[in-house]
Amino acid sequence: MSDTPVPGDSTPPATGRVGGDPRHDADEPRVERRAMLVTVAASIAVALIVVLLVATGVIGGTTNAGERHQRVEDDRTAGAAQAALQRPEIRDEEVEAVVAARSRALAEHNVDAFVAPIDPTAGELIAEQRRLFANLALFPFAEARYTVSNQPPRSVSDSGRAAVMVVVSFVHRVEGVDPVAIAENYRWTFDRTSAGGPLWMTAVSTAPYGGVMYPMPWDQTALVVERRPHVVLAAAVANKAEAATWADQAEAAARRDLDAWRGPRLPVDRFVVYVTPDRRTFEEIASTKGRGPAAGVCVSLAPLTLTDGKQTRQVGCRVVVDGAGKGFATSDDAIFKQIVEHELGHAMVAGFAPAWTEHVSWVAEGFAESLPWSDPRMANKYNPTARAYVNDGRFTGRLPVDGEIHSADPATTSINYHLSMQAIRFLAEEFGTDKAHTFVAEVYRDASRLDAALTAATGLDRAAFERTWARYVKDHPGS
(Lines give C-alpha, C1' and ligand atoms only; values in the text may rest on other atoms or scores of the structure.)
Protein backbone atom coordinates (compact mmCIF):
# COMPACT_ATOMS: atom_id res chain seq x y z
CA MET A 1 0.00 0.00 0.00
CA SER A 2 1.20 3.50 -0.76
CA ASP A 3 0.44 6.87 0.48
CA THR A 4 -1.58 7.75 -2.49
CA PRO A 5 -4.51 9.90 -1.43
CA VAL A 6 -7.92 8.44 -1.36
CA PRO A 7 -10.25 10.33 -3.63
CA GLY A 8 -12.55 12.71 -1.77
CA ASP A 9 -10.28 12.85 1.45
CA SER A 10 -9.36 16.37 2.33
CA THR A 11 -6.84 15.40 5.02
CA PRO A 12 -3.28 15.63 3.83
CA PRO A 13 -1.07 12.60 4.16
CA ALA A 14 0.72 12.23 7.43
CA THR A 15 4.31 12.46 6.41
CA GLY A 16 6.39 12.41 9.58
CA ARG A 17 4.80 14.38 12.43
CA VAL A 18 3.99 17.44 10.36
CA GLY A 19 0.43 18.41 10.94
CA GLY A 20 0.21 16.33 14.26
CA ASP A 21 -1.26 17.36 17.79
CA PRO A 22 0.46 20.59 18.96
CA ARG A 23 0.44 19.37 22.67
CA HIS A 24 2.73 16.51 21.78
CA ASP A 25 5.25 18.94 20.45
CA ALA A 26 5.46 20.91 23.80
CA ASP A 27 5.99 17.83 26.27
CA GLU A 28 8.76 16.14 24.39
CA PRO A 29 11.75 18.14 25.92
CA ARG A 30 10.44 17.71 29.55
CA VAL A 31 10.33 13.96 29.17
CA GLU A 32 13.93 13.91 28.07
CA ARG A 33 15.12 16.10 31.03
CA ARG A 34 13.24 13.92 33.55
CA ALA A 35 14.95 10.84 32.20
CA MET A 36 18.33 12.51 32.58
CA LEU A 37 17.62 13.53 36.21
CA VAL A 38 16.57 10.04 37.16
CA THR A 39 19.76 8.68 35.67
CA VAL A 40 21.96 11.15 37.60
CA ALA A 41 20.13 10.53 40.92
CA ALA A 42 20.56 6.81 40.51
CA SER A 43 24.28 7.28 39.90
CA ILE A 44 24.69 9.44 43.00
CA ALA A 45 22.85 6.88 45.14
CA VAL A 46 25.04 4.11 43.89
CA ALA A 47 28.15 6.17 44.66
CA LEU A 48 26.96 6.91 48.20
CA ILE A 49 26.27 3.22 48.83
CA VAL A 50 29.77 2.33 47.60
CA VAL A 51 31.37 4.97 49.85
CA LEU A 52 29.38 3.69 52.82
CA LEU A 53 30.38 0.10 52.14
CA VAL A 54 34.02 1.10 51.88
CA ALA A 55 33.90 3.12 55.06
CA THR A 56 32.37 0.26 57.05
CA GLY A 57 34.82 -2.27 55.65
CA VAL A 58 32.28 -4.30 53.68
CA ILE A 59 34.26 -3.40 50.59
CA GLY A 60 38.01 -3.14 50.86
CA GLY A 61 38.80 -6.11 53.22
CA THR A 62 41.43 -6.00 56.06
CA THR A 63 43.07 -2.71 55.06
CA ASN A 64 39.98 -0.68 55.99
CA ALA A 65 39.52 -2.69 59.25
CA GLY A 66 43.09 -1.81 60.29
CA GLU A 67 42.52 1.84 59.57
CA ARG A 68 39.31 1.76 61.58
CA HIS A 69 41.18 0.16 64.57
CA GLN A 70 43.92 2.80 64.39
CA ARG A 71 41.30 5.56 64.47
CA VAL A 72 39.79 3.97 67.60
CA GLU A 73 43.22 3.80 69.26
CA ASP A 74 43.94 7.41 68.32
CA ASP A 75 40.66 8.49 69.84
CA ARG A 76 41.40 6.48 72.98
CA THR A 77 44.88 8.04 73.36
CA ALA A 78 43.49 11.50 72.88
CA GLY A 79 40.86 10.80 75.52
CA ALA A 80 43.46 9.57 77.99
CA ALA A 81 45.59 12.66 77.42
CA GLN A 82 42.58 14.88 78.00
CA ALA A 83 41.75 12.98 81.20
CA ALA A 84 45.35 13.35 82.40
CA LEU A 85 45.12 17.09 81.91
CA GLN A 86 41.99 17.11 84.07
CA ARG A 87 43.37 14.84 86.87
CA PRO A 88 44.41 16.81 90.02
CA GLU A 89 47.99 16.50 91.21
CA ILE A 90 50.15 17.92 94.03
CA ARG A 91 53.73 18.89 93.23
CA ASP A 92 56.60 18.87 95.73
CA GLU A 93 57.38 22.52 95.12
CA GLU A 94 53.82 23.51 96.04
CA VAL A 95 54.11 21.77 99.41
CA GLU A 96 57.51 23.34 100.04
CA ALA A 97 56.05 26.76 99.26
CA VAL A 98 53.32 26.28 101.89
CA VAL A 99 55.88 25.15 104.47
CA ALA A 100 58.07 28.20 103.75
CA ALA A 101 55.06 30.51 103.96
CA ARG A 102 54.14 29.19 107.40
CA SER A 103 57.69 29.80 108.61
CA ARG A 104 57.45 33.41 107.39
CA ALA A 105 54.07 33.82 109.07
CA LEU A 106 55.55 32.63 112.35
CA ALA A 107 58.51 34.99 112.07
CA GLU A 108 56.26 37.92 111.13
CA HIS A 109 53.68 37.18 113.88
CA ASN A 110 50.95 36.90 111.23
CA VAL A 111 48.33 34.44 112.42
CA ASP A 112 46.08 34.95 109.36
CA ALA A 113 48.92 33.96 107.04
CA PHE A 114 49.71 31.03 109.34
CA VAL A 115 46.23 29.50 108.90
CA ALA A 116 45.72 30.66 105.28
CA PRO A 117 46.73 27.28 103.74
CA ILE A 118 44.10 25.40 105.78
CA ASP A 119 40.85 24.26 104.14
CA PRO A 120 38.36 27.04 105.06
CA THR A 121 35.70 24.42 105.81
CA ALA A 122 37.95 22.77 108.48
CA GLY A 123 36.84 25.03 111.32
CA GLU A 124 38.17 22.82 114.12
CA LEU A 125 41.62 22.56 112.54
CA ILE A 126 41.78 26.32 111.99
CA ALA A 127 40.90 26.96 115.65
CA GLU A 128 43.49 24.41 116.78
CA GLN A 129 46.21 25.99 114.64
CA ARG A 130 45.31 29.50 115.83
CA ARG A 131 45.73 28.26 119.40
CA LEU A 132 49.09 26.70 118.48
CA PHE A 133 50.24 29.99 116.93
CA ALA A 134 49.22 31.94 120.05
CA ASN A 135 51.10 29.48 122.29
CA LEU A 136 54.26 29.60 120.19
CA ALA A 137 54.24 33.40 120.32
CA LEU A 138 54.63 33.22 124.12
CA PHE A 139 57.95 31.35 124.09
CA PRO A 140 61.34 33.07 123.68
CA PHE A 141 62.50 31.20 120.59
CA ALA A 142 65.96 31.88 119.27
CA GLU A 143 64.97 29.76 116.25
CA ALA A 144 61.58 28.63 115.01
CA ARG A 145 60.82 27.40 111.49
CA TYR A 146 59.20 24.60 109.53
CA THR A 147 60.97 22.35 107.06
CA VAL A 148 60.01 19.27 105.04
CA SER A 149 61.71 16.25 106.60
CA ASN A 150 63.66 13.66 104.62
CA GLN A 151 60.79 11.18 104.91
CA PRO A 152 59.11 10.71 101.49
CA PRO A 153 55.51 11.95 101.03
CA ARG A 154 52.85 9.27 101.28
CA SER A 155 49.96 9.33 98.84
CA VAL A 156 46.53 9.07 100.46
CA SER A 157 44.50 9.96 97.36
CA ASP A 158 41.40 8.28 96.06
CA SER A 159 39.38 8.69 92.85
CA GLY A 160 38.62 12.23 91.86
CA ARG A 161 41.14 13.92 94.19
CA ALA A 162 44.81 14.07 95.02
CA ALA A 163 46.08 13.97 98.60
CA VAL A 164 49.50 13.47 100.19
CA MET A 165 50.73 13.17 103.77
CA VAL A 166 54.04 14.96 104.35
CA VAL A 167 56.25 14.83 107.46
CA VAL A 168 57.15 18.38 108.45
CA SER A 169 59.61 19.27 111.21
CA PHE A 170 59.13 22.22 113.55
CA VAL A 171 62.77 23.14 114.08
CA HIS A 172 63.13 25.23 117.23
CA ARG A 173 65.49 26.39 119.93
CA VAL A 174 64.29 28.09 123.13
CA GLU A 175 66.57 30.99 124.00
CA GLY A 176 68.95 30.11 126.85
CA VAL A 177 67.39 26.64 127.24
CA ASP A 178 68.36 24.62 124.16
CA PRO A 179 72.04 24.81 123.14
CA VAL A 180 71.18 23.46 119.68
CA ALA A 181 68.01 23.07 117.62
CA ILE A 182 65.39 20.37 118.22
CA ALA A 183 62.95 18.99 115.64
CA GLU A 184 59.34 18.18 116.50
CA ASN A 185 57.72 16.25 113.67
CA TYR A 186 54.18 16.60 112.39
CA ARG A 187 52.20 14.92 109.63
CA TRP A 188 50.50 17.48 107.37
CA THR A 189 47.88 16.23 104.88
CA PHE A 190 47.38 18.24 101.67
CA ASP A 191 44.35 17.85 99.41
CA ARG A 192 43.33 19.00 95.92
CA THR A 193 39.95 17.99 94.50
CA SER A 194 40.25 19.21 90.88
CA ALA A 195 42.91 20.03 88.31
CA GLY A 196 43.96 23.63 88.82
CA GLY A 197 41.92 23.83 92.01
CA PRO A 198 43.24 25.22 95.33
CA LEU A 199 45.68 23.21 97.45
CA TRP A 200 44.46 22.91 101.06
CA MET A 201 45.93 21.57 104.26
CA THR A 202 43.24 19.32 105.70
CA ALA A 203 44.80 17.53 108.70
CA VAL A 204 47.69 17.89 111.17
CA SER A 205 48.94 15.27 113.63
CA THR A 206 52.16 14.63 115.54
CA ALA A 207 54.68 12.16 114.15
CA PRO A 208 56.70 10.91 117.14
CA TYR A 209 60.18 9.52 116.73
CA GLY A 210 62.95 8.62 119.18
CA GLY A 211 64.34 11.36 121.36
CA VAL A 212 61.50 13.88 121.20
CA MET A 213 58.61 14.15 123.63
CA TYR A 214 55.04 14.33 122.31
CA PRO A 215 53.06 16.36 122.48
CA MET A 216 55.02 19.50 123.33
CA PRO A 217 53.40 21.91 125.83
CA TRP A 218 52.24 24.22 123.05
CA ASP A 219 50.35 21.39 121.32
CA GLN A 220 47.83 20.77 124.09
CA THR A 221 45.86 23.68 125.50
CA ALA A 222 45.86 27.48 125.55
CA LEU A 223 48.83 28.58 127.65
CA VAL A 224 50.17 31.38 129.78
CA VAL A 225 53.97 31.68 129.98
CA GLU A 226 56.01 33.29 132.74
CA ARG A 227 59.71 33.99 132.11
CA ARG A 228 62.37 34.13 134.79
CA PRO A 229 66.20 34.19 134.51
CA HIS A 230 66.50 30.39 134.87
CA VAL A 231 62.95 29.23 134.15
CA VAL A 232 60.38 29.54 131.37
CA LEU A 233 57.18 28.30 133.03
CA ALA A 234 54.10 27.40 131.01
CA ALA A 235 50.67 26.67 132.48
CA ALA A 236 47.12 26.39 131.22
CA VAL A 237 45.22 29.68 130.86
CA ALA A 238 42.85 28.32 133.51
CA ASN A 239 45.77 28.59 135.98
CA LYS A 240 46.79 32.10 134.97
CA ALA A 241 46.34 33.45 138.51
CA GLU A 242 48.77 30.89 139.95
CA ALA A 243 51.33 30.90 137.13
CA ALA A 244 53.41 33.82 138.39
CA THR A 245 53.73 32.26 141.86
CA TRP A 246 54.69 28.90 140.38
CA ALA A 247 57.31 30.61 138.22
CA ASP A 248 58.80 32.33 141.27
CA GLN A 249 58.93 29.03 143.17
CA ALA A 250 60.47 27.22 140.19
CA GLU A 251 63.05 29.99 139.82
CA ALA A 252 63.99 29.60 143.51
CA ALA A 253 64.32 25.83 143.02
CA ALA A 254 66.52 26.32 139.95
CA ARG A 255 68.81 28.72 141.81
CA ARG A 256 69.21 26.22 144.67
CA ASP A 257 70.09 23.39 142.31
CA LEU A 258 72.55 25.46 140.30
CA ASP A 259 74.21 26.81 143.44
CA ALA A 260 74.57 23.28 144.83
CA TRP A 261 76.36 21.89 141.75
CA ARG A 262 80.08 21.21 142.21
CA GLY A 263 80.81 19.06 139.16
CA PRO A 264 82.05 19.96 135.66
CA ARG A 265 80.46 22.84 133.78
CA LEU A 266 76.77 22.21 133.15
CA PRO A 267 75.43 22.03 129.59
CA VAL A 268 72.48 24.38 130.42
CA ASP A 269 71.33 26.69 133.20
CA ARG A 270 67.81 27.63 132.03
CA PHE A 271 64.84 25.30 131.85
CA VAL A 272 61.32 24.94 130.45
CA VAL A 273 58.82 23.88 133.14
CA TYR A 274 55.27 22.93 132.14
CA VAL A 275 52.56 22.61 134.80
CA THR A 276 49.76 20.52 133.30
CA PRO A 277 46.12 21.34 134.11
CA ASP A 278 45.07 17.76 134.96
CA ARG A 279 46.33 14.20 135.35
CA ARG A 280 45.21 13.07 131.91
CA THR A 281 47.22 15.82 130.23
CA PHE A 282 50.23 15.01 132.41
CA GLU A 283 50.13 11.32 131.50
CA GLU A 284 49.72 12.11 127.81
CA ILE A 285 52.71 14.40 127.61
CA ALA A 286 54.90 12.54 130.11
CA SER A 287 54.08 9.00 128.91
CA THR A 288 53.87 7.82 132.53
CA LYS A 289 50.58 5.94 132.44
CA GLY A 290 51.01 2.65 134.28
CA ARG A 291 54.45 3.59 135.58
CA GLY A 292 53.57 4.53 139.14
CA PRO A 293 52.46 7.69 140.89
CA ALA A 294 54.90 10.15 139.28
CA ALA A 295 54.31 13.79 140.20
CA GLY A 296 56.82 15.13 137.68
CA VAL A 297 59.09 14.00 134.88
CA CYS A 298 61.99 15.35 132.88
CA VAL A 299 61.74 14.19 129.29
CA SER A 300 65.09 14.20 127.51
CA LEU A 301 65.42 15.69 124.04
CA ALA A 302 67.75 14.80 121.18
CA PRO A 303 69.19 17.46 118.84
CA LEU A 304 68.10 17.96 115.26
CA THR A 305 71.51 17.08 113.83
CA LEU A 306 74.93 15.86 114.88
CA THR A 307 77.01 18.70 116.27
CA ASP A 308 80.35 16.90 115.99
CA GLY A 309 81.81 13.66 114.77
CA LYS A 310 81.18 11.92 118.03
CA GLN A 311 78.04 10.35 119.45
CA THR A 312 75.16 12.80 119.57
CA ARG A 313 74.50 14.27 123.00
CA GLN A 314 71.09 15.01 124.42
CA VAL A 315 70.03 18.63 124.33
CA GLY A 316 68.41 18.60 127.75
CA CYS A 317 64.94 18.13 129.19
CA ARG A 318 61.46 19.55 129.32
CA VAL A 319 60.29 19.42 132.93
CA VAL A 320 56.62 18.46 133.28
CA VAL A 321 54.77 18.66 136.59
CA ASP A 322 51.31 17.29 137.41
CA GLY A 323 49.30 20.41 138.26
CA ALA A 324 46.57 18.31 139.80
CA GLY A 325 48.97 16.43 142.08
CA LYS A 326 49.59 16.70 145.79
CA GLY A 327 52.14 19.48 145.37
CA PHE A 328 49.30 21.80 144.37
CA ALA A 329 46.74 20.67 146.91
CA THR A 330 48.38 22.51 149.81
CA SER A 331 49.50 26.03 150.62
CA ASP A 332 52.89 24.61 151.70
CA ASP A 333 55.24 25.37 148.81
CA ALA A 334 57.84 22.88 150.09
CA ILE A 335 56.24 19.98 148.22
CA PHE A 336 56.10 21.90 144.95
CA LYS A 337 59.73 22.97 145.31
CA GLN A 338 60.76 19.43 146.19
CA ILE A 339 59.17 18.09 142.99
CA VAL A 340 60.64 20.85 140.82
CA GLU A 341 64.12 20.66 142.40
CA HIS A 342 64.19 16.92 141.71
CA GLU A 343 63.17 17.29 138.04
CA LEU A 344 65.48 20.26 137.46
CA GLY A 345 68.29 18.07 138.81
CA HIS A 346 67.64 15.70 135.91
CA ALA A 347 67.49 18.62 133.47
CA MET A 348 70.83 20.04 134.64
CA VAL A 349 72.83 16.91 133.81
CA ALA A 350 70.77 15.44 130.95
CA GLY A 351 73.01 17.12 128.38
CA PHE A 352 76.01 15.08 129.52
CA ALA A 353 74.40 11.88 128.21
CA PRO A 354 74.37 10.45 124.69
CA ALA A 355 71.04 10.71 122.93
CA TRP A 356 68.68 7.74 123.17
CA THR A 357 70.52 6.21 126.09
CA GLU A 358 69.33 4.49 129.25
CA HIS A 359 70.56 5.98 132.50
CA VAL A 360 71.78 4.06 135.56
CA SER A 361 68.64 4.62 137.61
CA TRP A 362 70.14 4.67 141.11
CA VAL A 363 72.65 7.32 139.97
CA ALA A 364 70.10 9.44 138.06
CA GLU A 365 67.30 9.30 140.62
CA GLY A 366 69.68 9.36 143.58
CA PHE A 367 71.32 12.58 142.37
CA ALA A 368 68.00 14.30 141.55
CA GLU A 369 66.52 13.29 144.92
CA SER A 370 69.62 14.43 146.81
CA LEU A 371 69.04 18.06 145.80
CA PRO A 372 65.74 18.69 147.63
CA TRP A 373 66.86 16.49 150.54
CA SER A 374 69.87 18.78 151.05
CA ASP A 375 67.52 21.69 151.78
CA PRO A 376 67.88 22.74 155.46
CA ARG A 377 64.10 22.57 155.75
CA MET A 378 64.40 18.79 155.25
CA ALA A 379 66.77 18.39 158.26
CA ASN A 380 64.12 16.92 160.53
CA LYS A 381 62.23 15.11 157.78
CA TYR A 382 62.36 11.42 157.02
CA ASN A 383 60.72 8.87 154.76
CA PRO A 384 58.53 6.72 157.03
CA THR A 385 58.19 3.91 154.48
CA ALA A 386 61.95 3.67 153.99
CA ARG A 387 62.57 3.91 157.74
CA ALA A 388 60.23 1.00 158.42
CA TYR A 389 61.84 -1.01 155.60
CA VAL A 390 65.29 -0.67 157.20
CA ASN A 391 64.19 -1.07 160.79
CA ASP A 392 62.18 -4.19 159.97
CA GLY A 393 65.29 -5.90 158.61
CA ARG A 394 64.10 -6.00 154.96
CA PHE A 395 67.02 -3.91 153.69
CA THR A 396 69.39 -6.15 151.69
CA GLY A 397 72.42 -3.85 151.67
CA ARG A 398 72.41 -3.87 147.86
CA LEU A 399 72.10 -0.80 145.63
CA PRO A 400 68.64 -0.57 144.04
CA VAL A 401 68.06 -1.92 140.54
CA ASP A 402 65.84 -0.37 137.87
CA GLY A 403 62.81 -2.57 138.51
CA GLU A 404 62.77 -1.54 142.18
CA ILE A 405 63.17 2.17 141.47
CA HIS A 406 60.57 2.29 138.70
CA SER A 407 58.02 -0.03 140.26
CA ALA A 408 54.26 -0.04 139.82
CA ASP A 409 54.07 -0.36 143.61
CA PRO A 410 54.27 3.14 145.16
CA ALA A 411 55.86 1.89 148.39
CA THR A 412 58.64 0.05 146.55
CA THR A 413 59.33 3.10 144.41
CA SER A 414 59.40 5.42 147.44
CA ILE A 415 61.81 3.16 149.38
CA ASN A 416 64.27 2.76 146.51
CA TYR A 417 64.23 6.42 145.53
CA HIS A 418 65.26 7.16 149.10
CA LEU A 419 67.97 4.49 149.16
CA SER A 420 69.37 5.84 145.87
CA MET A 421 69.41 9.36 147.34
CA GLN A 422 71.30 8.08 150.37
CA ALA A 423 73.93 6.52 148.09
CA ILE A 424 74.70 9.89 146.45
CA ARG A 425 74.45 11.78 149.73
CA PHE A 426 76.79 9.29 151.42
CA LEU A 427 79.27 9.65 148.58
CA ALA A 428 79.16 13.47 148.91
CA GLU A 429 79.45 13.48 152.71
CA GLU A 430 82.21 10.87 152.84
CA PHE A 431 84.30 11.80 149.78
CA GLY A 432 83.28 15.36 148.84
CA THR A 433 80.45 16.94 146.84
CA ASP A 434 82.76 17.71 143.94
CA LYS A 435 83.67 14.01 143.59
CA ALA A 436 80.06 12.96 143.95
CA HIS A 437 78.88 15.32 141.20
CA THR A 438 81.81 14.47 138.93
CA PHE A 439 80.89 10.79 139.38
CA VAL A 440 77.31 11.57 138.32
CA ALA A 441 78.46 13.45 135.21
CA GLU A 442 80.84 10.63 134.22
CA VAL A 443 78.16 7.95 134.54
CA TYR A 444 75.78 10.09 132.44
CA ARG A 445 78.48 10.39 129.79
CA ASP A 446 79.12 6.66 129.65
CA ALA A 447 77.02 4.26 131.74
CA SER A 448 79.44 1.41 131.00
CA ARG A 449 82.09 3.18 133.10
CA LEU A 450 80.02 3.04 136.30
CA ASP A 451 82.51 0.90 138.24
CA ALA A 452 85.53 2.87 137.03
CA ALA A 453 83.87 6.20 137.88
CA LEU A 454 82.89 4.91 141.33
CA THR A 455 86.44 3.81 142.06
CA ALA A 456 87.81 7.15 140.80
CA ALA A 457 85.49 9.02 143.17
CA THR A 458 85.84 6.80 146.27
CA GLY A 459 88.87 4.58 145.86
CA LEU A 460 86.54 1.60 146.42
CA ASP A 461 85.20 -1.08 144.14
CA ARG A 462 81.44 -1.50 143.98
CA ALA A 463 81.28 -4.27 146.61
CA ALA A 464 83.28 -2.25 149.12
CA PHE A 465 81.22 0.87 148.39
CA GLU A 466 77.99 -1.05 148.94
CA ARG A 467 79.21 -2.38 152.33
CA THR A 468 80.15 1.08 153.63
CA TRP A 469 76.98 2.66 152.21
CA ALA A 470 74.81 -0.08 153.80
CA ARG A 471 76.23 0.78 157.24
CA TYR A 472 75.40 4.46 156.59
CA VAL A 473 71.80 3.56 155.66
CA LYS A 474 71.35 1.51 158.84
CA ASP A 475 72.70 4.42 160.89
CA HIS A 476 70.31 6.85 159.13
CA PRO A 477 67.15 4.82 158.42
CA GLY A 478 64.79 6.80 156.20
CA SER A 479 66.60 10.08 156.88
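One is the number of the first residue; the rest follow in order along the sequence. In what follows, every heavy atom counts, from backbone to side chain, and hydrogens, waters and symmetry copies are set aside. Everything numeric in this text was worked out from a predicted model, so none of it was measured.
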Interatomic spacing from CD1 in Ile126 to CD1 in Ile118 - rounded to 0.5 Å: 5.5 Å

Flag side-chain contact, heavy atom, 4.5 Å: Leu136 against Leu106: yes

Gln338 side chain vs Pro372 backbone, donor-acceptor pair below 3.5 Å: no

Nearest heavy atoms of Ala254 and Val231, plus distance in Å: CB-CG2, 4.0 Å

Nearest-0.5 Å distance, NE2 of residue His437 to CZ of residue Arg262: 8.0 Å

Proximity of His172 and Trp218 rings by center, below 6.0 Å: yes

Heavy-atom pair of closest approach, residues Val225 and Ala234: CG2-CB, 4.1 Å

Asp219 side chain reached by Tyr186 side chain, heavy atoms, under 4.5 Å: yes

Trace of the side chain to side chain contact (heavy atoms under 4.5 Å, CB included) decision for Val319 with Tyr274: CA-CA 6 Å; Val319 172; Tyr274 175 35; over 6 Å; no

CH2-CG distance between Trp261 and Leu266, expressed to the nearest 0.5 angstrom: 5.5 Å

Between Asn383 and Ser414, a side-chain donor and acceptor under 3.5 Å: yes

Whether Asn110 side chain and Ala113 backbone form a donor-acceptor pair below 3.5 Å: yes

Ring centre gap for Tyr146 and Trp188 strictly below 6.0 Å: yes

Nearest non-hydrogen partners of Val275 and Gly323, listed with the distance: CG1-CA, 3.6 Å

Whether Asp278 side chain and Thr281 backbone form a donor-acceptor pair below 3.5 Å: yes

Point-to-point distance, once rounded to the nearest 0.5 Å, from CZ of Arg161 to OG1 of Thr193: 9.0 Å

Validation row: Ile182, Arg318 side chains within 4.5 angstrom (heavy atoms): yes

salt_bridge(Arg192, Glu89) N-O dist < 4.0 Å: no

Arg104 side chain vs Val99 backbone, donor-acceptor pair below 3.5 Å: no

Backbone N/O of Val164 and side chain of Arg154: donor-acceptor pair under 3.5 Å: no

Closest heavy-atom pair and its distance - Ile405, Ser420: CD1-OG, 3.6 Å

Parallel, tilted or perpendicular: ring planes of Phe133 versus Phe114, cut at 30 and 60 degrees: tilted

Working for salt bridge (Lys or Arg N to Asp or Glu O under 4.0 Å), residues Arg255 and Asp269: CA-CA 9 Å; Arg255 287 184 182 276; Asp269 63 358; over 6 Å; no

Donor-acceptor side-chain pairing of Glu365 and His342 below 3.5 angstrom: yes

Donor-acceptor side-chain pairing of Arg131 and Gln220 below 3.5 angstrom: no

Thr357 side-chain N/O to Pro354 backbone N/O, donor-acceptor pair under 3.5 Å: no

Validation row, ring centre His230 to ring centre Phe271 under 6.0 Å: no

Check: Asn416 side chain, Pro400 main-chain N or O, donor-acceptor pair, under 3.5 Å: no

Min side-chain heavy-atom separation Phe367-Val349 under 4.5 Å: yes

Electrostatic pair Arg130-Glu128, nearest N-O below 4.0 angstrom: no

Backbone of Thr412 reached by a side-chain donor or acceptor of Asp409 within 3.5 Å: yes

Side chain to side chain contact (heavy atoms under 4.5 Å, CB included) between Val171 and Glu143, intermediate numbers included: CA-CA 7 Å; Val171 178; Glu143 182 179 0; 3.8 Å; yes

Neighbour count above 12 (heavy atom, 6.0 Å) for Glu358 CD: no

Verdict with supporting geometry, Asn185 and Thr206, side chain to side chain contact (heavy atoms under 4.5 Å, CB included): CA-CA 6 Å; Asn185 282 1; Thr206 55; over 6 Å; no

Gap separating the CD atom of Glu108 from the OG atom of Ser103, nearest 0.5 angstrom: 10.5 Å

Inter-residue atom distance Thr147.OG1 - Glu96.CD, 0.5 Å rounding: 8.5 Å

Polar side-chain atom of Ser149 near backbone of Val167 as donor-acceptor pair, under 3.5 Å: yes

Asp119 side chain to Thr202 side chain, donor-acceptor N/O pair below 3.5 angstrom: no

Distance flag, aromatic centroids of Trp373 and Tyr417, threshold under 6.0 Å: no

Main-chain N/O of Val321 paired with Thr276 side-chain donor or acceptor, under 3.5 Å: yes

Side chains of Met348 and Asp257 in contact at under 4.5 Å (non-hydrogen atoms): yes

Thr245 and Asp248 side chains, donor-acceptor separation under 3.5 Å: no

Residues Arg270, Glu175: salt bridge by 4.0 Å N-O rule: no

Glu341 side chain reached by Arg256 side chain, heavy atoms, under 4.5 Å: yes

Minimum-distance pair of heavy atoms, taken over all atoms of Asp92 and Pro153: OD1-CG, 4.4 Å

Heavy-atom side-chain contact between Val363 and Phe439 under 4.5 Å: yes

Working for side chain to side chain contact (heavy atoms under 4.5 Å, CB included), residues Glu369 and His418: CA-CA 8 Å; Glu369 192 73 349; His418 198 80; 5.6 Å; no

Distance-only polar pair, side chains of Asp446 and Ser448, donor-acceptor under 3.5 Å: yes

Pair Ser300-Gln314, side-chain donor/acceptor within less than 3.5 Å: yes

Nearest heavy-atom neighbours spanning Leu223 and Pro217: CD1-O, 3.7 Å

Val95 side chain near Ile90 side chain, heavy-atom distance below 4.5 Å: yes

